[in-house]
Amino acid sequence: MKRLLLLTTVLLAVTPAHAQTDKAGCSDHPLFPTRMPGYYIEACKVEEFGRYEFFTVKPPKVPAEGRFTFITYTVIDRKSEPSALAVVKNYENAIRKVGGTNLQTDANSSWWVNAKIVRDGQETWAQAEKGNGKIWLRIVEKQGMQQYVVADADALGSDIKSTGRVAVYGITFDTNKSVVKPESKPALDEIAKLLKQDPALKLKVVGHTDMVGTFEANMALSQARAEAVVQVLVSQHGIAAARLKGYGVGPLAPVASNDTDDGRAKNRRVELVKE
């Protein structure tokens, strides 16, 4: 019995600290397939569509929406923990090697680095942040949200009949862009169906934005998005141009607070207003 106890004690004494394993279901992101030595993954989460506002040296932060990955690395032995500067410089070099641009770094106080990375036409934002015993890695692969719930033509028509207007959230754009994304097709199909069911109906297509960015930029963006929706309905759905007119009101008509992500998402919309 004493020999068994002694053997167990010896085995525990020589068990390496790196025996700590990653949390089940977690792994390194393909963009950074290796990690700082001596760390394991304590936690991770992946959102198919999420939003994160990336740090900047000077405000405001840079918002990005898409597939959001958040990985928390924890050092195994604090005695061998690398310096914050070493961590920031390692990620800085790794980002450069994969073609990162707009590189921003704080290597003096809060210890983080981030950048935009474009590979094969895919825009990705990545940020590594060093804490006490931790490294937080946040990555957003920009993409539009998959719209699963779309109001049909009857529902759109009912709202227009009762209130003179209806908000449509199934029409999507990339951040600060005015090109209608392919996943908007179901919503546009229903708008076209509504217009074909009622040949006398004429609509103002009104673009709305949140408060992120300058007022002038948001006004121009909302106008461009409204006109892009009109163009798609005319060119791809055969709707007469005289029945549609695009307008942009930017952030002037919010339906929710611009202080939260959810509120800003509700404010970014296209509305149909009956003439």
Side-chain angles (χ1 to χ4, degrees), residues 47-51 63-68 141-212 218-258 260-275:
E47 298 175 352
E48 287 304 315
F49 187 81
R51 178 184 173 93
E65 296 178 347
R67 182 180 172 86
F68 176 48
E141 299 160 78
K142 292 185 68 173
Q143 61 186 28
M145 180 183 67
Q146 179 63 48
Q147 185 68 31
Y148 294 104
V149 181
V150 178
D152 62 17
D154 291 338
L156 297 175
S158 177
D159 280 359
I160 289 175
K161 184 176 180 180
S162 61
T163 67
R165 52 175 286 279
V166 62
V168 183
Y169 287 96
I171 301 174
T172 60
F173 308 84
D174 282 331
T175 301
N176 295 327
K177 303 294 183 182
S178 60
V179 177
V180 179
K181 293 179 70 63
E183 49 264 38
S184 306
K185 186 177 185 302
L188 292 166
D189 287 347
E190 293 302 318
I191 296 172
K193 182 178 178 181
L194 168 68
L195 288 162
K196 291 175 181 178
Q197 288 175 345
D198 185 356
L201 179 63
K202 293 184 178 181
L203 296 173
K204 291 181 173 65
V205 179
V206 185
H208 297 259
T209 67
D210 56 26
M211 291 286 287
V212 176
N218 280 323
M219 290 296 291
L221 180 63
S222 62
Q223 179 70 37
R225 287 179 171 179
E227 292 176 353
V229 172
V230 169
Q231 181 59 32
V232 171
L233 289 169
V234 171
S235 63
Q236 299 181 21
H237 295 271
I239 305 300
R243 299 177 64 191
L244 302 167
K245 180 65 176 178
Y247 294 89
V249 297
L252 293 178
V255 293
S257 169
N258 276 295
T260 66
D261 287 346
D262 287 343
R264 289 189 289 270
K266 291 177 181 177
N267 291 333
R268 296 189 298 271
R269 67 197 188 279
V270 171
E271 289 192 348
L272 307 176
V273 179
K274 183 179 179 180
E275 287 192 2

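Note that these values count all heavy atoms, side chains included, but never hydrogens, waters or copies made by symmetry.
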Identify, with sequence neighbours excluded, every residue that meets side-chain hydrogen bond (donor to acceptor under 3.5 Å, both in side chains) alongside [X].
{"X": "Arg225", "result": "none"}
{"X": "Asp154", "result": "none"}
{"X": "Asn176", "result": "none"}
{"X": "Gln197", "result": "none"}

Requested in this report: Just jot down the salt bridge (charged side-chain N to carboxylate O under 4.0 Å, His left out) partners of Arg67, sequence neighbours excluded, or say none.
Outcome: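 With sequence neighbours excluded, Arg67 shows a salt bridge (charged side-chain N to carboxylate O under 4.0 Å, His left out) to Glu48, Glu141, given in chain and number order.
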
Report task. Just jot down the salt bridge (charged side-chain N to carboxylate O under 4.0 Å, His left out) partners of Lys245, sequence neighbours excluded, or say none. Result ->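 By the salt bridge (charged side-chain N to carboxylate O under 4.0 Å, His left out) rule, Lys245 matches no residue at all.
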
Query raised in the report: Is Met219 atom CE crowded by more than 12 heavy atoms from other residues, nucleotides or ligands, each under 6.0 Å away?
Result: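 Yes - once you tally the heavy atoms of other residues, nucleotides and ligands closer than 6.0 Å, there are more than 12.
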
Quick check against the 3.5 Å criterion: does [X] have a side-chain atom that pairs as donor or acceptor with the backbone of [Y]?
{"X": "Ser184", "Y": "Val180", "result": "no"}
{"X": "Asp198", "Y": "Leu194", "result": "no"}
{"X": "Ser222", "Y": "His208", "result": "no"}
{"X": "Arg243", "Y": "Leu195", "result": "yes"}
{"X": "Glu190", "Y": "Asp152", "result": "no"}

Indicate yes or no: at least one non-hydrogen side-chain atom of [X] is less than 4.5 angstrom from one of [Y].
{"X": "Lys204", "Y": "Leu272", "answer": "no"}
{"X": "Val255", "Y": "Arg269", "answer": "yes"}
{"X": "Leu244", "Y": "Leu233", "answer": "yes"}

Query - Side-chain H-bond candidate by donor/acceptor type, Gln223 with Glu227, under 3.5 Å - result: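 There is such a pair (donor and acceptor under 3.5 Å, judged by atom type) between the side chains of Gln223 and Glu227.
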
Requested in this report: Would you check, one step at a time, whether the test salt bridge (Lys or Arg N to Asp or Glu O under 4.0 Å) holds for Glu65 with Arg268?
Outcome: CA-CA 13 Å; Glu65 296 178 347; Arg268 296 189 298 271; 2.4 Å; yes

Query - Asp159 vs Arg165, salt bridge (Lys or Arg N to Asp or Glu O under 4.0 Å): CA-CA, chis, key distance, verdict - result: CA-CA 6 Å; Asp159 280 359; Arg165 52 175 286 279; over 6 Å; no

Requested in this report: May I ask you to decide whether Asp174 forms a salt bridge with Lys142, counting only side-chain N to carboxylate O separations under 4.0 Å?
Outcome: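 Not counted as a salt bridge, because no side-chain N and carboxylate O are separated by less than 4.0 Å.
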
